[in-house]
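The model shown is predicted, which means the values in this text are computed figures rather than measured ones. Note on naming: letters A, B, ... go to the chains in the order of the sequence lines (proteins, then strands), and numbering restarts at 1 for each one.
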There are 2 protein chains.
Amino acid sequence: MMEDVTTTATPRRSPGDKHDERRNQLAESALRTLGELGYARASLREIATNSEFSHGVVHYYFRDKLELIVYCVRYYKARCVRRYDAVVAESDSAEELVEAFAAKLVETLRDEAPMHRLWYDLRTQSMFEPGLSEAVTHIDNTLQEMIWRVVERYSDLAGRPPALTPAATYAVLDGLFQQGLLALTRDGEAVLAGLPAQVRALLPVLLAPEA
Amino acid sequence: MMEDVTTTATPRRSPGDKHDERRNQLAESALRTLGELGYARASLREIATNSEFSHGVVHYYFRDKLELIVYCVRYYKARCVRRYDAVVAESDSAEELVEAFAAKLVETLRDEAPMHRLWYDLRTQSMFEPGLSEAVTHIDNTLQEMIWRVVERYSDLAGRPPALTPAATYAVLDGLFQQGLLALTRDGEAVLAGLPAQVRALLPVLLAPEA
DNA sequence: GTTTTCTCTTGACACCCGTCAAGAGCATGG
DNA sequence: CCATGCTCTTGACGGGTGTCAAGAGAAAAC
């Protein structure tokens, strides 16, 4: 007994990452349900039903609901903040980057709408539930950096410096994206056709006008 | 019997607006509670507790919770979408308007943060609860018009046409405002000091550059 | 093969929710 | 002055929630 030296709060782990695997498995089911129903309506039972486990297992891998949610958020973040890296890398002119960025925006909106609905839900809930605040802030910063990488590259290609701070630039583009998501949810995929034009109009004004 | 010609779904109204007065009274209590707790956590009992009535009275004046919420939203909207009209009317130069607008933005954020938290909450919830969608969309349009009046006036004073559509302009400013609200909620009132600078940087780029 | 440890299920608990029926209090109008 | 509405309170209902304890079942260790 007590043969291992690594002590953990969660049950002792023999292989070490078997737990993490299950946690990720649960996180994936949870994200599916959360994206569908939103934070308030997604119960642990419903989440478990959409997985291959029963409702009690959640408390074996997570202390409480909040820890599950926060884990989900971080899990999700890990694989989405590099989404525009290809846009940055593969564009050789300012116009090209604008088009690629707009196209990626539309694609993201179309293919992962539930996940983005969840993200905005959680970010809003963080204003009422301080327990969410830390994780949400961290992601928001990461997203801001992601956007800034795009705009910096755009600035280099266009030969004009950015007109706004990274925070304001992110805020502005996030506002456009959020309205796109609202319109998509309300009116269907047809509205996505109008988004590239908005991006084409907005991006240039985010750089200082040519001398 | 049946002496009045105006028929209503709710109980018959002798004076006609006694009901509306109570409804508004309840709406005000509800808005206070909703702003504090958010949509998901604000129960009818809690709302009634924060009023001078008991929890059962809600169903005397509203069919169900959703009708109360929607009524609240519309009630709130009615007295906030004219908030920037003075800014438009009393500014005689572009720079003056920018400063007045920024100041009003900060004031609104500081004095009515709970109400704005609620608004963003409801707008997000409308993506999961279609019953909210109509009311939310209506308000969003009204806010867009409010913003557009400011930017149009700004455009006139500066002698430069707007660079973006009304929808994109609203989306962009709304994004900035929302980030301000998040920062305020997270870090306290100190962050408001930095907002005017962001407004001063952003508003000029919303107009086409001078020829 | 037996014992120990890890996983997961089941079922219960205390609580809170929206809703509604029954009735008390009160004013109004006959 | 009694009767008739209108307001509002009380108390209950069925259902859903997060949480957790007890134990079944499998796997691993010896």
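Heavy atoms of Ser54(A) sit under 4.0 angstrom from at least one base atom.
Checking the phosphate oxygens (OP1, OP2) of dC8(D), a side-chain nitrogen or oxygen of Arg22(B) falls inside 4.0 Å. Proximity of Ser43(B) to the phosphate of dC17(C): a side-chain N or O atom is located under 4.0 Å from OP1 or OP2. Contact between the side-chain N/O atoms of Tyr60(B) and the OP1/OP2 oxygens of dT7(D) is found at a separation under 4.0 Å. Phosphate contact (OP1/OP2 of dT7(D), side-chain N/O of His19(B), threshold under 4.0 Å): present.
The interatomic distance linking Ile47(B) (CD1) with dT19(C) (C1') rounds to 14 Å, in whole Å. In this entry the distance linking CG of Leu44(A) with P of dT17(D) reads 9 Å, nearest Å. Atom pair Glu21(A):CD and dC8(C):P shows a separation of 10 Å (rounding to whole Å applied). Across the protein-nucleic acid pair, Phe53(B) atom CZ and dG25(C) atom P stand 18 Å apart, rounded to whole Å. Between Tyr39(A) atom OH and dG18(D) atom P the separation is 9 Å, expressed in whole Å. Rounding to whole angstrom units, NE2 of residue His59(A) and C1' of dA12(C) are separated by 14 Å. Rounded to whole Å, atom C1' of dC15(C) lies 15 Å from atom CD of Glu46(B). Between Glu52(B) atom CD and dC8(D) atom C1' the separation is 12 Å, expressed in whole Å.
Side-chain contact between Phe62(A) and Leu26(A) is present, with heavy atoms from C-beta onward closer than 4.5 Å. Side-chain contact between Glu129(B) and Arg41(A): present, with at least one pair of heavy atoms (C-beta onward) separated by less than 4.5 Å. A heavy-atom distance below 4.5 Å is not found between the side chains of Arg22(A) and Tyr60(A).
At a cut-off of 3.5 angstrom, counting only N and O atoms as typed in the model, there is no donor on one side facing an acceptor on the other between the side-chain of Arg45(A) and the base of dG16(D). A donor and an acceptor atom never sit less than 3.5 Å apart when one is taken from the side chain of His55(A) and the other from the base of dG18(D).
With dT19(D), dT19(C), dT9(C) as the choices, the nucleotide that has an atom nearest any side-chain atom of Asp64(A) turns out to be dT19(D).
Asn141(A) and Tyr170(A) are not linked by any side-chain donor-acceptor pair at a separation below 3.5 angstrom, with hydrogens and angles left out of the test. Side chains of Arg153(A) and Ser91(A): a donor-acceptor N/O pair is absent below 3.5 angstrom, by distance only.
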